[in-house]
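Chain A is the first sequence line, chain B the second, and so forth, proteins listed ahead of strands; every chain is numbered from 1.
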Number of protein chains: 2
Amino acid sequence: MPDKTEKPGKQQAADERPVRRQARGERRIAQLLEAAASVFCTTGYTAASTNAIAREAGVSPGTLYQFFPNKEAIAIELGSRLMHRMRETYGEALAPLDPATPLEEAVTAAVDRFIDFNCRNPVFFALMHGPDIPGRMAEEHDALHATLITRVETLLTPFVPGMPTAEVNRVAQVCVGIYKAGLELVLAHEGAEREAYVQELKNVLVRYLGALVVD
Amino acid sequence: MPDKTEKPGKQQAADERPVRRQARGERRIAQLLEAAASVFCTTGYTAASTNAIAREAGVSPGTLYQFFPNKEAIAIELGSRLMHRMRETYGEALAPLDPATPLEEAVTAAVDRFIDFNCRNPVFFALMHGPDIPGRMAEEHDALHATLITRVETLLTPFVPGMPTAEVNRVAQVCVGIYKAGLELVLAHEGAEREAYVQELKNVLVRYLGALVVD
DNA sequence: GTGAAACGCGAGCGATCTCTCGTGTTTGCC
DNA sequence: GGCAAACACGAGAGATCGCTCGCGTTTCAC
């Protein structure tokens, strides 16, 4: 039974009470989500135990379940807040491009933004990457992936005017795949080495897409 | 306590008996490994239960533990046999290249071979991909990854004569990352669509590496 | 044929994990 | 101040999983 009562003041279906949160409760929720992020990062979702999350947050298991109906809901809410933060950080993300923008610049901007976000929020990668995502998490995951693909497609379209949509979709899938692989390498290194991998990721994308543009 | 007694006739350390396998036992082992491959493919390593593997193989849990000391040993042995099959299928893998071979041909040959192997043995991907690999599996994983990187480096060297080794290593890491991402997309599709993704993967690698060659 | 060892079974032990429940404390509203 | 609801606790119920153990069956060397 999912708990939609994180925000107070919303009317519910007949079988759920509003549960008016106090300031203390909101603080606990934030605390628990932060602890969950930490635990998910180090052990992954499935291996993370709710008791470990509660311990990390310095509360009892019972308290955790005061705010989340189950372990999955923690990850869902965490992912949701991450998505929200991502949207508000980048507005409409890698969106507004006048067709005059050169490809290299567009790729650089998009990669820089996403890499930056993922470096600041390593949980994002941990939640998205694992094959250990159960039930409703998978839906959320697929939805995010789909919107990402769609956005890349619209980003791509002006650069490859005559390409059939099926092929555009394929190219977008490949781009996202490349980005994920690059992100993994980037997160695995630090400092100058990390910067070098970022540059390499940009190179891969620019050269791949560049060949399609002049084609 | 790891069990090195899969092959009969080997002398052991003082604390382990040889355990002379009968033909029946070898058959059971193959049966169990096949079942494990199936279960690992559908649920991943950590989520796979030894009881499920035994059930899939049509034997009791006790019988499974007659041949494997623990769950990890199953994955280890499975990975080991997979590696062996890979080596014997491709000899020294993507090895002998006279320097006259054009880049595109080299990439095509290497990608085709690896993709083919991974399509025939989907467990390989399942075992390598998950972040859910515990203990000694991780070592095996890292070892394989390292040898793969090294091989790609030596493959790469004749094409980029003046490049410093650190950069060669980075390029190899990127290539392997790209391959993994491409493999995931390839395995997610079938028929003509799959072929198209294989071609796209080759394109990415050729264009990325091509720019380094003429550089 | 006979004995030893390999094979096979399945109930169940111990550990772990998710989630509950009874009880006590704090907070906010009148 | 008083009361209802939100918050907090932690033992433990219930389920699952890896793995064991005792005992019965099959195989094989002699």
ask   = Taking OP1 and OP2 of dC7(C), is either one under 4.0 Å from a side-chain nitrogen or oxygen of Arg21(B)?
value = yes
query = Do Lys71(A) and Tyr45(A) meet the cation-pi criteria used here (NZ or CZ under 6.0 Å from the six-membered ring centre, within 45° of the axis)?
reply = yes
key: Audit row: Leu156(B), Leu212(B), side chain to side chain contact (heavy atoms under 4.5 Å, CB included) steps and yes/no   = CA-CA 10 Å; Leu156(B) 230 49; Leu212(B) 295 179; 5.9 Å; no
ask   = Once you round it to whole Å, what is the distance between P of dT25(C) and CD of Gln66(A)?
value = 16 Å
message = In whole Å, I'd like the distance from the CZ atom of Phe68(A) to the P atom of dC7(D).
response = 12 Å
query = Taking CZ from Arg27(B) and P from dT26(D), how many angstroms apart are they, rounded to a whole number?
reply = 14 Å
query = Considering only dC29(C), dC9(C), dC19(C), which nucleotide approaches the side chain of Asn51(A) most closely?
reply = dC19(C)
query = Just checking, is any N or O donor in the side chain of Tyr208(A) or Asn203(A) under 3.5 Å from an acceptor N or O on the other one?
reply = no
query = If you check the Arg20(A) side chain, which of dC29(C), dT27(D), dA29(D) turns out closest?
reply = dC29(C)
message = Below the 4.0 Å mark, does dT26(C) have OP1 or OP2 next to a side-chain nitrogen or oxygen of Arg24(A)?
response = no
message = In this structure, how many angstroms lie between the C1' atom of dC19(D) and the CZ atom of Phe67(B), rounded?
response = 16 Å
message = Over all strands shown, is Gly25(B) touching base, sugar-phosphate only, or nothing at heavy-atom distances under 4.0 angstrom?
response = sugar-phosphate
remark   = The nucleotide from dG8(C), dA8(D), dC19(D) with an atom nearest the side chain of Thr63(A) is dA8(D)
inquiry  = It should be established whether Tyr65(B) places a side-chain nitrogen or oxygen under 4.0 Å from OP1 or OP2 of nucleotide dT20(D).
reply    = no
task = Grab the CG-C1' distance between Leu64(B) and dG18(D) for me, whole Å please.
result = 10 Å
task = Look at all strands and tell whether Ala52(A) reaches a base, only sugar-phosphate, or nothing, counting heavy atoms closer than 4.0 Å.
result = nothing
query = Once you round it to whole Å, what is the distance between C1' of dC17(D) and NZ of Lys71(B)?
reply = 8 Å
inquiry  = Classify Ala54(A) by what it touches in the nucleic acid, base, sugar-phosphate, or nothing, heavy-atom distance under 4.0 Å.
reply    = nothing
task = Could you tell me whether the phosphate oxygens of dT18(C), OP1 or OP2, come under 4.0 Å of any side-chain nitrogen or oxygen in Thr50(A)?
result = yes
Arg28(A) and Gln31(A) side chains, donor-acceptor separation under 3.5 Å = yes
note = Residue pair Val59(A)/Glu72(B) against DNA chain D: nearer the 5' end by closest nucleotide is Val59(A)
request  = Could you check whether the rings of His129(A) and His129(B) sit parallel, tilted or perpendicular, using 30° and 60° as the cut-offs?
outcome  = tilted
query = Leu32(B) has an atom CG; how far is it from atom C1' of dC19(D), in whole Å?
reply = 15 Å
ask   = Between Arg28(A) (CZ) and dT26(C) (P), how many Å, whole number?
value = 13 Å
